[in-house]
There are 2 protein chains.
Amino acid sequence: MAKPITIHDIAREAGVSPSTVSRVLNGNVPVAEEKRAAVLAVITKRNYQPSAVAQGLARGRAGVVGVLTQSMSSPFYGEIFSGIEQGLGESPYHPMFANGNWRAEEELAALNLLSQRRVDGLIVLWGTLSDEQLRRVAAETPLVVMGRSVAGIERQCLHINDVRGGYDATRYLIDLGHRRIAHITGLLAQQDARDRYQGYLKALEDSGLPADPQLIVEGDFTEQSGLLAMQALLSRSSRFTAVFVANDQMAYGARLALYRQGIRVPEDISLVGFDDQLGTAYTTPPLTTIRQPVADMGRAAAQVLRQMLDGQPITPRTFEAKLVIRESAVMLRI
Amino acid sequence: MAKPITIHDIAREAGVSPSTVSRVLNGNVPVAEEKRAAVLAVITKRNYQPSAVAQGLARGRAGVVGVLTQSMSSPFYGEIFSGIEQGLGESPYHPMFANGNWRAEEELAALNLLSQRRVDGLIVLWGTLSDEQLRRVAAETPLVVMGRSVAGIERQCLHINDVRGGYDATRYLIDLGHRRIAHITGLLAQQDARDRYQGYLKALEDSGLPADPQLIVEGDFTEQSGLLAMQALLSRSSRFTAVFVANDQMAYGARLALYRQGIRVPEDISLVGFDDQLGTAYTTPPLTTIRQPVADMGRAAAQVLRQMLDGQPITPRTFEAKLVIRESAVMLRI
DNA sequence: CTGAAAGCGCTTACAG
DNA sequence: CTGAAAGCGCTTACAG
């Protein structure tokens, strides 16, 4: 743990002033070729690397983009991390993640942590912060929010239309001939869960199909809740031939519940998920689902944030949820 | 983007010197109660938060732990991220992730990035850096490495015994009565893949079973490669009743290949994976696998690093791969 | 207990 | 082109 070399060490050894070393480092001001060479030589020799934190302090720019996430381990967020990383690419910014865990106080704590680090900008992924809170943050810091639309700053919001997604999923099942379609919702405290649910209802209504309360059960977006929800559905008296599950993770659980009962997918029951999470193409059977292009969205979030940081006009982008047809849902056979 | 308040602003408004503000902030030096109260009042009123980067510079401690990972999106690493986050807990350190992507140059670049940020310590997850490189890093910075054992710094290394894991997986299949057991290896450029393979070979040997080259195919740890590998296996003349797959992701792919051929798991073919990745309990059928306790290991990595940073003696921990019996492998029926 | 000063490792007007 | 100085926002001996 040798004390790191500083710009002064380099200056001394190269026989110039620290200012000059700084100049050759940044390359924005002309420096005499010989000094330049001397400095560079010492830098390579000593393997010197300027301190990004000192630079940040002096420049008034941390070179860090804060990312408020809700989980560090879900593949869903993982794909977004990758997208953000790619979107930041060769920019002078590196992401720093802080986890809110879907809990208001933790989200606030994460926000504080990030703000103490004086991050240059912020990307907020879903979460329970109110629109008002988000607007306040946006007034202080360049912000882009993913997964929701916040009135007043909608140009900085990247999200899909969940109602539409829920509608398309259900509609697909209807078009396949299904009439008794169950729905396992996400955590209804979350807007996206409510929207997908609403889309489901709307699709039924548009086709003149009644919504049967017996056929609707709330999950919490985890595999386990999907399994439990399917068991609940199976135990009720209302029959069904298809189910729209509000995310892929719950769909896995639901599928397992069916497997345990010896009910075949898609022969006996058709299943449609939501998200098209990483790996969903490799389930048995491959899951038909609504794709939410989170990697693209993460990339776009980083790009929009960079535009804001560069003082450029931002180019708002919209994303569509898209039906991905695989093998878990088929035409109803009578 | 109002310019953030500084310690000077607070000092002025509270009628004290910046030093005093700093003292009440840090609470390590006594401060007159009235001044203390005045300062606190202004701090709350202005909602002041000290700059962590300025503090870092002044204290000579960044408050950041660098994590060199190989992927931002895989659930496998995601679980480790969670573990590290938990292990860092209420410590004054926050993780900063940099991705090496299993490519030497990117890993080096990530290391550089982290070192420019003057991280206080480093956690390296797997990767292609040589033992020598890792030893050099360890000489400069508190380091803990996950997933491998580096001679000379083994007390700072957290890993399971992959040979043993491969052995146990294969042995389990043998105990179930299987005699013709195939193996889909991981990327053999990686030590863990080679170790698991070796464990497989050893188990066969110990049971006097011949290793059939026809029954061994190399994958690259992705679902797609597992699918391809299984197709290759199926196309060969050698028959088999069970396969040990070097990780769960490939096992999913392999399972799908079987499904496409109408071959049942576990009735026709038994499958054992490796990792016990998040979600593996919810595949169809639930996958029998070798559990690698990565979340625990991530937690432990953070704890060991904290001990090093605190100058405490480190308590080395060992982790065991453990067979998790689920439903994808059963007794051979003739 | 407390303020003025020096310092952390840089950058960047300023003056030459 | 280049050095000395001031400054970024803190901390922490030092002197009182």
Side-chain angles (χ1 to χ4, degrees), chain A residues 1-40 42-43 46-64 92 113-120, chain B residues 1-40 42-43 46-64 92 113-120:
Chain A
M1 253 204 314
K3 170 182 282 288
I5 309 165
T6 74
I7 204 171
H8 290 95
D9 302 320
I10 304 298
R12 190 175 340 104
E13 198 164 335
V16 301
S17 75
S19 324
T20 297
V21 177
S22 174
R23 291 188 187 105
V24 350
L25 240 24
N26 295 297
N28 38 11
V29 176
V31 171
E33 189 45 52
E34 42 191 320
K35 305 212 171 193
R36 198 183 133 69
V39 168
L40 252 17
V42 180
I43 286 181
R46 294 270 171 257
N47 192 5
Y48 166 71
Q49 306 219 309
S51 156
V53 352
Q55 291 185 142
L57 189 61
R59 291 176 178 157
R61 189 230 282 159
V64 176
L113 189 149
L114 261 12
S115 107
Q116 288 205 199
R117 301 233 166 236
R118 301 291 188 269
V119 295
D120 302 296
Chain B
M1 251 201 318
K3 170 182 281 288
I5 310 165
T6 74
I7 205 171
H8 290 94
D9 302 320
I10 304 297
R12 190 175 340 104
E13 198 165 334
V16 301
S17 75
S19 323
T20 297
V21 176
S22 174
R23 291 190 186 104
V24 351
L25 241 23
N26 294 299
N28 38 11
V29 176
V31 172
E33 189 45 51
E34 42 190 322
K35 305 212 173 195
R36 197 183 133 69
V39 169
L40 252 17
V42 180
I43 286 181
R46 294 271 171 257
N47 192 5
Y48 167 71
Q49 305 219 310
S51 156
V53 351
Q55 291 186 141
L57 190 61
R59 290 176 179 156
R61 189 228 284 159
V64 176
L113 189 150
L114 261 12
S115 107
Q116 287 205 200
R117 302 234 166 235
R118 301 290 188 269
V119 295
D120 303 296

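In what follows, chains carry the letters A, B, and so on, assigned in the order in which the sequence lines appear, proteins first and then strands, with residues in each chain numbered from 1.
Of the listed nucleotides (dG9(C), dG3(D), dC10(D)), dG9(C) has the atom at the smallest distance from the side chain of Ser51(A). You'll find that the side chain of Leu57(B) is closest to dC8(C), out of dC1(D), dC8(C), dC10(D). Of the candidates dG3(C), dC8(D), dC10(D), dC10(D) carries the atom nearest the His8(B) side chain, counting heavy atoms from C-beta on.
OP1 or OP2 of dG3(C) has not a single side-chain nitrogen or oxygen of Ser19(B) nearer than 4.0 Å. Of the side-chain N and O atoms in Arg118(B), one or more sit less than 4.0 angstrom from OP1 or OP2 of dC10(C). In this model, the phosphate group of dG9(D) is not approached by any side-chain N or O of Tyr48(B) to a distance below 4.0 Å at OP1 or OP2. Regarding contacts with the backbone of dT2(C), every side-chain N or O of Ser17(B) stays at 4.0 angstrom or more from both OP1 and OP2. Regarding contacts with the backbone of dT2(D), a side-chain N or O of Lys35(A) is found under 4.0 angstrom from either OP1 or OP2. A sub-4.0 Å separation between OP1 or OP2 of dG3(C) and a side-chain N or O of Thr20(B) is present.
With values rounded to the nearest 0.5 angstrom, Arg12(A) atom CZ is found 7.0 Å from Thr6(A) atom OG1. Note: Leu25(A) CG to Gln49(A) CD = 10.0 Å, rounded to the nearest 0.5 Å. Rounding to the nearest 0.5 Å places CD1 of Ile7(B) at 9.0 Å from OG of Ser17(B).
Rounded to whole Å, atom P of dG9(D) lies 15 Å from atom CD of Gln49(B). Regarding Asn26(A), its CG atom lies at a distance of 5 Å from the P atom of dT11(C), rounded to whole Å. dG9(D) atom P lies 17 Å from atom CZ of Arg117(A), rounded to whole Å. Between the CG atom of Asn28(A) and the P atom of dT11(C) there is a distance of 9 Å, given to the nearest Å. Arg23(A) places its CZ atom 11 Å from the P atom of dC1(D), with the value rounded to the nearest Å. The CZ atom of Arg12(A) sits 12 Å away from the P atom of dG9(C) (whole-angstrom rounding). Summarising the geometry, the separation between CD1 on Ile7(B) and P on dC8(D) is reported as 14 Å, rounded to the nearest angstrom. Straight-line distance from the CZ atom of Arg61(B) to the P atom of dG7(C): 22 Å, rounded to whole Å.
Counting any heavy atom pair closer than 4.0 Å across all strands shown, Arg36(A) reaches no nucleic acid atom. Val53(B) comes within 4.0 angstrom of no nucleic acid atom, judged by non-hydrogen atoms across all strands.
Across every strand in view, dA4(C) sits unpaired, with no contact that passes the Watson-Crick or G-U test at under 3.5 angstrom. For dA13(D), there is no paired base (Watson-Crick or G-U wobble, both distances below 3.5 Å).
Not a single donor-acceptor pair, N or O on each side, falls under 3.5 Å between the base of dG7(C) and the side chain of Arg59(B).
Closest non-hydrogen pair, Val42(A) versus Ala14(A), comes out as CG2-CB, 3.8 Å.
Between Val39(A) and Tyr48(A), every side-chain heavy-atom pair lies at or beyond the 4.5 Å cut-off.
The neighbour count for Glu33(A) CD, taken as heavy atoms of other residues, nucleotides or ligands under 6.0 Å away, is above 12.
Comparing Val29(B) and Ala58(B) by the nucleotide of DNA chain C that holds the closest heavy atom to each, the one mapping nearer the 5' end is Val29(B).
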